[in-house]
Amino acid sequence: MSTTKPNLYDVLAERGLVSQVTDEKIRERLGKPVTLYIGFDPTADSLHIGSMVPIMVLAHAQRCGHRPIAVMGGGTALVGDPSGKTESRQMLTPEVIDHNAHCFAQQMSPILKFANPKTPQANGPTDALMVNNAHWLTKLGWIGLLRDFGPHFSVNRMLTMDSVKNRLDAESGLTFLEFNYMVMQAIDFVHLYKSQNCTVQMGGQDQWGNIVMGIELGRRVAGADLAGLTMPLITKSDGKKFGKSESGNIWLSAERTPVFDFYQYWRNTPDADVKRFLGFFTFLPMNEVNGLGALEGQELNEAKKVLAYEVTRLVHGHAEADKARDSAGKAFSGEQDVTGEAIPHAELPKQELTVGVGVIQLLVMAGLAKSNGEAKRLVISGGVRLHDKPVKDIGFKATPESVRNGYVLIRAGKKRLFRFDVK
RNA sequence: GGGCGGAUGCCAGAGCGGCCAAAUGGGGUGGGCUGUAAACCCACUGGCGAAAGCCUACGCAGGUUCGAAUCCUGCUCCGCCCA
């Protein structure tokens with residue numbers, strides 16, 4: 001490969017994306033093209049921004065001349081994810097998993113270039129692969145599994161894994177099924193080594209144990225020289241969970257998280273996280289990242305705009321990102337222009353207004369409140385405005401007089417708003 | 001298989017016959033201060049209802065009681081200990 005391409009390790013390291021490595025010489029390994037993988041759990045039909053880091057890492061790998069594989073944990077999803085005792089242990093069907101994997105591929109494809117299975121001859125050496133571990137895991141028989149892999153797993157060793165130790169101490173305990181997750185993941189690595197010559201596995205910090213198991217298994221059963229690298233857990237300086245907001249997870253799917261909300265999530269990044277996030281979630285060169293991150297005080301808002309725009313562009317494309325940026329910019333700047341396309345909106349028939357529509361109802365219709373009660377509390381606490389006029393009375397009704405420029409704007413708090421276009 | 005302990009709201013965790021829609025903390029939302037930031041301060045935080053009130057909720061199913069998250073019985077699940 002061309003020597004002009006940067007070393008993946010350097011790229012990840014300077015962006016703060018390296019937590020641990022299994023091999024001191026990982027940098028040398030990555031000096032020439034390798035095949036590497038990261039696992040994803042296809043338990044929902046959309047990825048959320050927690051998965052952005054792994055996707056970015058795969059994309060960096062691709063840019064550095066390596067071949068990335070995204071492994072769908074279809075096999076593990078088939079037996080259900082037993083972590084979290086209150087979670088319903090839904091066992092996903094193969095059809096659902098396939099559907100989810102398909103959705104993931106679509107969401108990843110703007111960031112990661114995938115090989116086209118239909119035109120193998122046209123695919124490049126760094127085109128990404130997506131595979132489903134159900135394809136090989138479901139073929140394993142119990143006896144065969146024990147015979148081929150059983151002797152190579154030391155339970156003593158497994159018991160020393162943090163993930164296991166924590167669960168043994170925890171009230172929830174650890175089931176045999178969960179105990180076997182790491183076995184499955186180890187087998188994945190070996191399978192990918194044998195079938196794709198994949199020699200490096202990456203993953204979140206929490207995957208460390210699983211990665212190490214895979215490396216050891218590879219050495220024992222195939223004499224393979226495998227390596228792993230983990231990425232740090234993404235935290236927010238304010239201690240809040242990354243990727244969560246008032247309305248739950250921030251998803252990559254525009255259906256689950258409107259582009260406007262997506263943009264706003266990043267736009268509202270705490271100061272202390274802006275620089276790190278620019279490194280994690282954008283491809284901006286580090287000198288630019290450092291420059292933006294060095295801004296202080298109010299100036300840092302410019303960096304947040306760049307962050308929000310860049311991430312939105314990566315995930316949703318130029319056109320949508322432009323709309324979100326322009327709409328948000330106008331709505332929250334002095335202009336207070338809320339006519340932007342990306343502003344959440346819906347149509348409201350004129351005749352409903354002639355009868356009068358209560359604020360409570362409007363808030364619920366707009367999705368700004370989940371129930372009438374919540375809407376009422378919102379009004380009572382002084383958080384609701386119709387256009388720019390505070391609404392203090394829960395009995396207030398919007399009428400044709402409430403329409404301005406063809407719409408009725410309702411705001412909940414400073415940042416949430418919804419526009420009813422009156423038809 | 002046996003013994004003991006446990007299961008409470010988004011999460012953690014009090015309550016152990018009426019004062020319980022259930023303490024407290026976290027989270028979330030709204031307000032204040034700001035820069036669409038953080039920190040900090042205040043308020044709110046099951047549903048329906050204008051309200052009075054009604055309904056649903058303390059693992060599940062029954063029972064005792066005027067009255068049960070609280071007592072009894074059975075079941076399910078979890079933890080600890082013993083074999």
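Convention: sequence-line order gives letters A, B, ...; per-chain numbering from 1.
Remark: A:R325 qualifies as a cation-pi partner of A:Y309 under the 6.0 Å distance and 45° angle criteria applied to the six-membered ring. Within the cation-pi definition used here (under 6.0 Å to the ring centroid, within 45° of the axis), A:R15 does not qualify as a partner of A:F280.
Relative to the side chain of A:F332, the nucleotides B:A50, B:A38, B:U36 differ in distance, and B:U36 lies closest. For A:K304, taking side-chain heavy atoms from C-beta onward, the closest of the listed nucleotides B:A37, B:U36, B:G49 is B:A37. Proximity note for A:R377 (side chain, C-beta onward) versus B:G46, B:A51, B:G30: the nearest is B:G46. Checking B:G35, B:U36, B:A38 against every side-chain atom of A:P270, the shortest atom distance belongs to B:A38. Each of B:G32, B:U45, B:A37 was ranked by its minimum atom distance to the side chain of A:K414; first place goes to B:G32.
Atoms CG (A:L307) and C1' (B:A37) sit 13 Å apart, rounded to a whole Å. The interatomic distance linking A:L378 (CG) with B:U45 (C1') rounds to 12 Å, in whole Å. Following rounding to the nearest Å, A:L368 (CG) and B:U29 (P) show an atom-to-atom distance of 13 Å.
Judged purely by atom type and a 3.5 angstrom limit, A:N7 uses its side chain to pair as donor or acceptor with the backbone of A:R27.
Using the six-membered ring where Trp is involved, A:F332 and A:F260 have ring planes that are parallel, under 30° apart on the 30 and 60° scheme.
Residues A:N372 and A:A328 both approach RNA chain B. Their nearest nucleotides, taken by heavy-atom distance, put A:A328 toward the 5′ side. Position along RNA chain B of the nearest nucleotide to A:E374 versus A:D271 favours A:D271 as the more 5'-ward residue.
No contact: A:E299 has no heavy atom under 4.0 Å from any strand.
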